[in-house]
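Worth knowing before you read on, the calculation uses all heavy atoms, side chains too, and leaves out hydrogens, waters and symmetry mates. Bear in mind that the values here come from a model prediction, so they are computed numbers and not experimental data.
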Amino acid sequence: MFDAIVIGSGMSGGIAAKELSERGLKTLVLERGRKLEHGASYTDSVLPWELSNANMIPEEELARDYPIQGRSYAMNAATQQYWVKDPEHPYSTPEDKPFGWFRGNHLGGRSIMWGRQTYRLSEMDFEANKKDGHGSDWPIRYADIAPWYDHVERFIGVSGSKEGLPQLPDGDFLPPFALNDAEKDFAGKVADKFPGRRVIPGRCAHLSEARPHHEELGRSQCQVRSLCERGCTFGAYHSSLSSSLPAAMRTGNCTIVTDAVVHSLIHDPKSGKVTGVRVIDSNTKKTKTYQAKLVFLCASTIPTTQILLNSKSEANPQGLGNSSDMLGRNLMDHFGAGAAGLYPGLENSFYRGRRPTGFYIPRFRNVTESGEFLRGFGFQGGAARAGWGTKSKLGGPSTVGAELKERLRSPGSWLVYLSGFGEMLPNRDNRITLHPTKTDQWGIPQAHIECVHGENELKMGKQMIADAKAMIEGAGGRVVMGGSKLTIPGDAIHEMGTACMGNDPATSVLNKYNQVHGIPNLFVTDGAAMASGGCQNPSLTYMALSARAAHHAAEFLKAGKI
Amino acid sequence: MDQFSRRGVLRNIMLLAGVAAIPHGAAHALFDGPASLPPATISLLSAVADTIIPTTDTPGAAEAGVPDRLQKMLANWAAPKRRDEILGALQKIDGAARTEAGSTFAALSPADRLKTLKTFDTAHSGDPGYSKLKELVIQLYYLSEAGATVELRYEHNPGAWEPSIPVTAETRNYGGPGL
């Protein structure tokens, strides 16, 4: 018997495994997907002229196998192995409520393909649900999680600049990836035209400089290649494979089992504890039960809630941890739209290297400037000079021959782009349930996902686009692209909620230690736990919650409380 | 995905090619077309590619291996409708050569090829077959070793981010994907 089972090896599971193992707990990690090896499994050494089909997936294969995953920005021939074949991993949505569920099926999960943008939630974010009455009041505040943000940021390595902004707390960063000259110019003009708005280097989980504790894990400095979604042989960005799982393994306390699909949890109503984890071997379909003193559910928002719902029993007719009927509810994602423009001048300036981050504009709506909606949004963005691709489309009247070649040879005009990330309000009708009849290839009921944007999202979206355009124009640029369509739910790949933290077991699923209310040895620390989404990229918060909960779990175990 | 979602925005702006359009009737069986194109089509394809991106002070598309790559993409990547559109565009170019210059495109001199193709390009830049053909030739060229490292500059491991360097007479764009 293990001390702890961690279900899922992705962003959250990797950190939970590390923290539990480091505290001496014999820890079993169960990963549903196949084994990947750090380095050996990656495709980052493929040179441009070695890419097949101009790095595109054959059209019929793309349409047949990846109708959903193929829409991801990170999906191409070199990264194909990291994304599921949609027909093999079905889920259900109402016809009129599309939801994009983007993921892989492998050790490390989306920590391999993530965008590495790393931001803290702030006190304002933790207070938001209480303040405007949407969702369950977070049972923690910034002060509770701040030491864990510190802890995780130090471990993973985060590049960034200290800015002293209350809505985006600082950490102890590795050197930032500096803004290029057009971005500096844009930042200055935005500050002049829109006092209070800041354009800062994007904070990212990259080793702009490796510290000894990073190097001890075999990680080294970022080579500025932007091949990240292929996997990085340098371990220069944080992933489960490069960073947290190696840390777990070197304690000698961690065992990883892949190809293990968790079906359900076994709960003993007398003790109130989870006593086992039912697993189906992904390939042989044989079943097995694992036991441990405590369980961390880090299977990713949707599968975590699917497992809890699928764990219904006589004592738990609505699923495990669902006496509140809140399990599955308050599904959120980020949403956005943006704009891009031509940016004048600075013809004599260029850059070298493919920087793995751009700039970030922290939230200003309902912070320093009011909004006709609740909550707010931030922007990721950047500026770059038109390269061969852009110039072949936008560089002038259509041409061929030496004239075309000449045109594409030198850097073109600067372009600046802004891509907004807005906070969705928790809405109990945005929810996951188990499909009543459809199952997956392991006989597990499919997730049925219902999620739509509400009034607040639509109003915010309009402001987001207007603000993006206004900043580009205010800085002297000319808008050449300005979307009016928002991303559909799921497309930000930040799906969260459905097993929300809260103080009241009647209106939430988890307590302030991420324990399922009433089940002291069951912890949920992935995106499902989020009581609200903020507008900041959420992975850092999942990792901080995981580390914090692991600390408390180990303490409770030692004290005989679980 | 909407082109403004997430970090794909910059890549989408730069390439404006985005994800290859999904052909209709994707219920087709996997394309199992002829192993290779007829020799006349291969000559035509090579001549068109090498006219779009000719040899200048650096290699052109032919020397960079683009025709071979393009043939492979027609066989392995393109859905039947796409393949037909691109081959159709090639035939239209050949047709224009025959009409205007009384010769197949491949038999024309480089100067005459350029003349014919320039006229064709101006008139047909909106044609799905021709615009995809041109786009693929350009992509394959700037992904090729000659295109990315001789005509342009490419380092697989830049090593460090230099946010501000001066543009000089020697400055070139960067080759490789996603730019």
Side-chain angles (χ1 to χ4, degrees), chain A residues 47-49 51 53-56 58-60 62-64 70-73 115 177-181 223-226 336-338 340 347-355 380 382 384 387-390 392-393 398-402 404-405 408-411 415 417 419 481 483 485 487 491-492, chain B residues 1-2 4-11 13-16 19-20 22-23 26 28 30-31 51-54 56 73 76-79 82 114 117-118 121-122 125 136 138-140 142-145 148 151-152 154 156-167 171-174 176-177 179:
Chain A
L47 299 169
W49 41 96
L51 294 165
N53 298 317
N55 206 20
M56 294 191 282
E59 297 195 290
E60 288 185 305
L62 187 65
R64 184 193 62 227
R71 294 192 296 110
S72 167
Y73 71 94
F177 287 100
L179 301 185
N180 60 41
D181 288 335
Q223 298 295 300
V224 196
R225 309 180 303 163
S226 280
E347 287 93 355
N348 291 326
S349 172
F350 203 24
Y351 41 78
R352 180 168 162 252
R354 298 186 296 274
R355 184 187 48 169
Q380 290 179 23
W388 62 264
T390 307
S392 72
K393 301 281 181 172
S398 188
T399 190
V400 292
L404 174 65
K405 212 173 155 188
L408 306 192
R409 173 178 275 197
S410 37
L415 286 154
Y417 73 95
S419 183
M481 264 188 212
K485 257 180 60 184
T487 51
D491 275 7
Chain B
M1 170 191 303
D2 176 71
F4 296 103
S5 28
R6 312 203 78 207
R7 316 123 199 119
V9 169
L10 183 62
R11 292 204 179 103
I13 295 168
M14 295 314 193
L15 289 176
L16 280 184
V19 175
I22 306 304
H28 280 172
L30 251 184
F31 173 70
T51 307
I52 294 172
I53 311 264
T56 53
M73 284 191 72
N76 300 321
W77 168 81
R82 177 87 68 189
L114 182 62
L117 192 58
K118 261 199 161 152
D121 181 80
T122 304
S125 55
L136 289 176
I138 292 169
Q139 266 185 295
L140 287 169
Y142 291 104
L143 289 177
S144 73
E145 189 163 6
E151 169 61 21
L152 299 185
Y154 179 78
H156 199 64
N157 287 10
W161 166 241
E162 294 176 43
S164 176
I165 60 175
V167 171
T171 301
R172 302 281 173 99
N173 253 333
Y174 295 112
L179 293 168

To the nearest 0.5 Å, tell me how far [X] [atom1] sits from [Y] [atom2].
X: B:I53; Y: A:L404; atom1: CD1; atom2: CG; value: 5.0 Å
X: B:Y142; Y: A:R409; atom1: OH; atom2: CZ; value: 8.5 Å
X: B:L143; Y: A:L47; atom1: CG; atom2: CG; value: 11.5 Å
X: A:E59; Y: B:N76; atom1: CD; atom2: CG; value: 12.0 Å

Shortest non-hydrogen contact between [X] and [Y], atoms and distance:
X: B:P158; Y: A:R225; result: CD-CG, 3.9 Å
X: A:R352; Y: B:I165; result: CB-CD1, 4.0 Å
X: B:W77; Y: A:M56; result: NE1-CB, 3.5 Å

Tell me, for [X] versus chain A, whether the close heavy atoms (under 4.5 Å) come from the side chain, the backbone, both or neither.
X: B:S144; value: backbone
X: B:L140; value: side chain
X: B:S164; value: both
X: B:I138; value: both
X: B:A160; value: backbone

Point to revise | For chain A, the option from B:P166, B:S125, B:G159 that forms the most heavy-atom pairs under 4.5 Å | key: B:G159
**Study point:** Whether A:W388 side chain and B:Q139 backbone form a donor-acceptor pair below 3.5 Å
**Key:** no
**Study point:** Main-chain N/O of B:E162 paired to A:R355 side chain as donor or acceptor, under 3.5 Å
**Key:** no
Practice item. Go through the atoms of A:L179 and report whether side chain, backbone, both or neither lie under 4.5 Å from a heavy atom of chain B. Key: backbone
Among [options], single out the residue with the greatest number of heavy-atom pairs under 4.5 Å to chain B.
options: A:K405, A:E347, A:Q223; answer: A:K405
options: A:P48, A:A54, A:A178, A:A402; answer: A:P48
options: A:T399, A:V224, A:N180; answer: A:V224

Exercise for review: Report the relative orientation of the aromatic rings in B:Y154 and A:W49; use parallel for angles under 30°, tilted for 30 to 60°, perpendicular for over 60°.
Suggested key: perpendicular
Point to revise | With B:N173 via side-chain hydrogen bond (donor to acceptor under 3.5 Å, both in side chains) - residues at least two apart | key: none
Exercise for review: Mind checking ring-ring contact (aromatic ring centres under 6.0 Å, His included) for A:F177 and listing every partner two or more places apart, or none if nothing turns up?
Suggested key: none
